[in-house]
Amino acid sequence: MEAGEAAGALLFLLAAAVSLLAALSTGAVDFTYLVTVVGEGSPSPPSSPSWWWWYEEWWVWVRSRAVAPALQVGVWACMVMSVMLVVEAAYNSAVSIAFRLVGWRPERRFKWEPLAGDGDGDEEKGVDAAAAAAADYPMVMVQIPMYNELEVYKLSIRAVCELKWPKERLIIQVLDDSTDAFIKNLVELECEDWAKKGLNIKYATRSGRKGFKAGALKKGMELDYAKQCEYVAIFDADFQPEPDFLLRTVPFLVHNQNVALVQARWVFVNDRISLLTRIQRTFLDYHFKAEQEAGSATFSFFSFNGTAGVWRREAIDDAGGWKDRTTVEDMDLAVRATLKGWKFIYLGDIRVKSELPSTYKAYCRQQFRWSCGGANLFRKMVWDVLAAKKVSSLKKIYMLYSFFLVRRVVAPAVAFILYNVIIPLSVMIPELYLPIWGVAYIPTALLIVTAIRNPENLHTVPIWILCESVMSMHRLRAAVAGLLQLQEFNQWIVTQKVGNNAFNENNETPLLQKTRKRVKLKKKHEVNKLRSTHSLAGRRQQQQCNKG
């Protein structure tokens with residue numbers, strides 16, 4: 001057991017103790033209340049009771065002896081889950097704030113040094129010196145999986161091709177699963193253009209989409225040129241890393257042989273265009289600033305986000321490679337690698353631009369896939385975690401309780417059952433007891449812990465609460481589908497991207513129906529124009545004519 005794991009366990013116990021003491025000292029917790037059974041002193045019937053009087057008496061009897069006791073069990077179950085949730089949130093925030101106050105940085109726990117030859121002015125040292133310096137860099141492959149990404153394919157390819165890394169030590173692999181032949185032609189042409197500039201960029205396709213993203217990544221790793229790479233960076237089609245991304249991340253892997261993954265933080269190019277994207281940013285900022293940072297600082301474990309990260313090739317192979325058994329193949333690989341003894345590093349200071357779902361439909365599909373996949377992975381991995389021999393008992397408890405149970409099952413369950421079912425029903429059932437600390441104090445604490453990490457959007461908190469209430473039903477349905485492996489548990493629908501062209505210079509777009517129609521018409525016009533002028537066959541024929 002490492003010092004970080006022990007510190008994490010102590011902070012968790014401290015968070016639980018502080019939460020309990022705060023509740024007891026303020027008198028918020030009162031377990032002495034007993035449910036009162038109605039019927040002890042029923043009013044005597046009138047001289048000539050009507051059918052309505054008998055109906056009311058029957059309803060009171062049924063409500064007090066059947067409905068209220070059943071719901072009361074649900075209330076106390078939700079109270080237990082609420083306590084689990086608030087302690088978990090308090091723990092994540094306490095770890096994040098504590099390590100920031102003491103100035104903890106990954107460089108203080110893990111060795112980091114710039115690679116040999118890293119620095120400006122190397123090109124002035126001559127060809128031989130530059131070649132010698134480049135030889136000290138490891139081989140890195142950057143994978144860009146995409147599927148019909150007409151709006152954003154140029155953004156990701158350009159950003160990756162502009163990474164600062166010796167060209168002879170870098171392979172860029174575009175994994176295109178597009179089903180639209182026109183889009184495939186455009187992506188291939190883009191790769192050819194960058195290849196002419198001296199980049200070692202490979203364009204790879206498959207005959208089918210078996211395994212979706214996991215299948216594409218697995219196929220890309222099996223190619224001959226990919227086997228010579230020691231490290232693999234992954235960027236989705238809408239991600240745009242800064243040029244120094246590899247220079248800041250790869251040294252952690254080079255100098256720490258027990259580290260498998262270096263994960264960067266997401267930032268968003270469209271987080272201000274609508275209330276929907278502002279709400280998403282509030283949720284994701286808490287995930288990156290609290291959950292990811294706490295897991296990295298204490299147990300060196302967190303969920304790989306599927307993009308904006310660099311993997312050690314050896315760790316991927318050791319964990320069994322990419323698998324398509326769930327819709328969260330990134331989380332699946334992260335858990336399996338951790339059970340093999342590998343460690344992860346989260347770098348919150350390195351930020352990669354990406355795009356949030358800009359429509360409610362796309363957001364719902366994304367949340368369903370994440371919630372369903374996480375719950376299904378919990379079902380598949382619980383016994384593997386318990387039987388793992390290279391993981392300490394504290395890390396096993398953290399993975400099963402905090403990472404899986406509380407975040408993937410408890411959070412959506414209590415949010416929907418308590419706030420969307422029990423509390424509305426309590427209006428019609430006065431015998432039902434709702435403790436004030438469970439329906440007022442705990443939600444307020446959770447609200448503060450989550451929203452305080454994003455203070456500039458505090459004015460959107462009321463809308464965020466309403467949106468989360470609606471999404472709780474969607475997430476719970478997804479979690480149930482994943483736990484029970486219902487028919488829809490393994491569905492994969494790619495999140496639709498819009499691209500930078502949909503935003504103006506101020507990164508704000510009025511969300512009016514008329515504006516959306518104009519954007520669609522403009523996009524349709526641009527696509528038709530591209531189809532008429534950029535066909536692959538026509539361009540190659542023109543090139544042959546020019547050579548002739």
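If you're wondering where the values come from, they're calculated on a predicted model, not measured in any experiment.
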Residues in salt bridge (charged side-chain N to carboxylate O under 4.0 Å, His left out) with K210, at least two apart?
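By the salt bridge (charged side-chain N to carboxylate O under 4.0 Å, His left out) rule, K210 matches D324.
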With R407, which residues qualify under salt bridge (charged side-chain N to carboxylate O under 4.0 Å, His left out), at least two apart?
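Only E88 meet the salt bridge (charged side-chain N to carboxylate O under 4.0 Å, His left out) criterion with R407.
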Can you name the residues that form a ring-ring contact (aromatic ring centres under 6.0 Å, His included) with F416, not counting sequence neighbours?
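By the ring-ring contact (aromatic ring centres under 6.0 Å, His included) rule, F416 matches no residue at all.
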Under the rule for ring-ring contact (aromatic ring centres under 6.0 Å, His included), what residues qualify as partners of F283, not counting sequence neighbours?
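Scan of F283 (ring-ring contact (aromatic ring centres under 6.0 Å, His included), adjacent residues dropped) gives none.
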Step-by-step salt bridge (charged side-chain N to carboxylate O under 4.0 Å, His left out) determination, R206 to D177
CA-CA 6 Å; R206 299 188 295 164; D177 276 355; 2.6 Å; yes
Exceeds 12 heavy-atom contacts within 6.0 angstrom, atom NZ of K396:
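Check passes, neighbour count above 12.
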Atom CE of residue position M473 - does it have more than 12 heavy atoms of other residues, nucleotides or ligands inside 6.0 Å?
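Open: at most 12 neighbouring heavy atoms sit under 6.0 Å from CE of M473.
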Side chain to side chain contact (heavy atoms under 4.5 Å, CB included) partners for V410, two or more places apart
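If we apply the side chain to side chain contact (heavy atoms under 4.5 Å, CB included) test to V410, skipping adjacent residues, the hits are M81, M84, L405.
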Using the test side chain to side chain contact (heavy atoms under 4.5 Å, CB included), find all partners of L425 that sit at least two apart in sequence or belong to another chain.
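Here the qualifying residues are L71, V421, M428.
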Relative to the ring of W76, is the ring of W437 parallel (under 30°), tilted (30 to 60°) or perpendicular (over 60°)?
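Plane angle between 30° and 60°, so tilted.
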Report the relative orientation of the aromatic rings in W165 and Y137; use parallel for angles under 30°, tilted for 30 to 60°, perpendicular for over 60°.
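Perpendicular, since the angle between the ring planes exceeds 60°.
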With sequence neighbours excluded, what pairs up with [X] under the side chain to side chain donor-acceptor pair (under 3.5 Å) test?
{"X": "D330", "result": "none"}
{"X": "K213", "result": "D236"}
{"X": "Y231", "result": "none"}
{"X": "T179", "result": "N148"}

Counting distance only, does the side-chain N/O of S303 pair as donor-acceptor with the main-chain N or O of N305 below 3.5 Å?
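The answer is no, because no donor-acceptor pair under 3.5 Å joins these two groups.
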Taking C372's backbone N and O only, do any of them form a donor-acceptor pair with N376's side chain (distance below 3.5 Å, no angle check)?
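Absent.
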Hey, do the aromatic rings of F378 and F403 have their centres closer than 6.0 Å?
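Ring centres of F403 and F378 not closer than 6.0 Å.
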Looking at the rings of F252 and F110, which for Trp means the six-membered one, are their centres under 6.0 Å apart?
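No, the ring of F252 stays outside the 6.0 Å limit from the ring of F110, centre to centre.
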Pairs in or reaching into residues 341-351: which pass side-chain hydrogen bond (donor to acceptor under 3.5 Å, both in side chains), with residues at least two apart or in two chains?
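Passing the test, one end in residues 341-351: E2-K343, R105-D349, D318-W342.
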If you look only at pairs with a residue in residues 217-227, which of them pass as a side-chain hydrogen bond (donor to acceptor under 3.5 Å, both in side chains), with sequence neighbours excluded?
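Counting only pairs at least two positions apart or across chains, the side-chain hydrogen bond (donor to acceptor under 3.5 Å, both in side chains) contacts touching residues 217-227 are Q173-Y225.
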Output yes when E468 and R475 qualify as a salt bridge under the 4.0 Å nitrogen-oxygen rule, no when they do not.
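Yes, E468 and R475 are salt-bridged.
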Is R336 salt-bridged to D332, cutoff N-O under 4.0 Å?
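Yes, this pair counts.
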Go through the steps to decide whether F212 and Y147 satisfy the test ring-ring contact (aromatic ring centres under 6.0 Å, His included), and finish with yes or no.
CA-CA 9 Å; F212 305 108; Y147 173 75; 8.7 Å; no
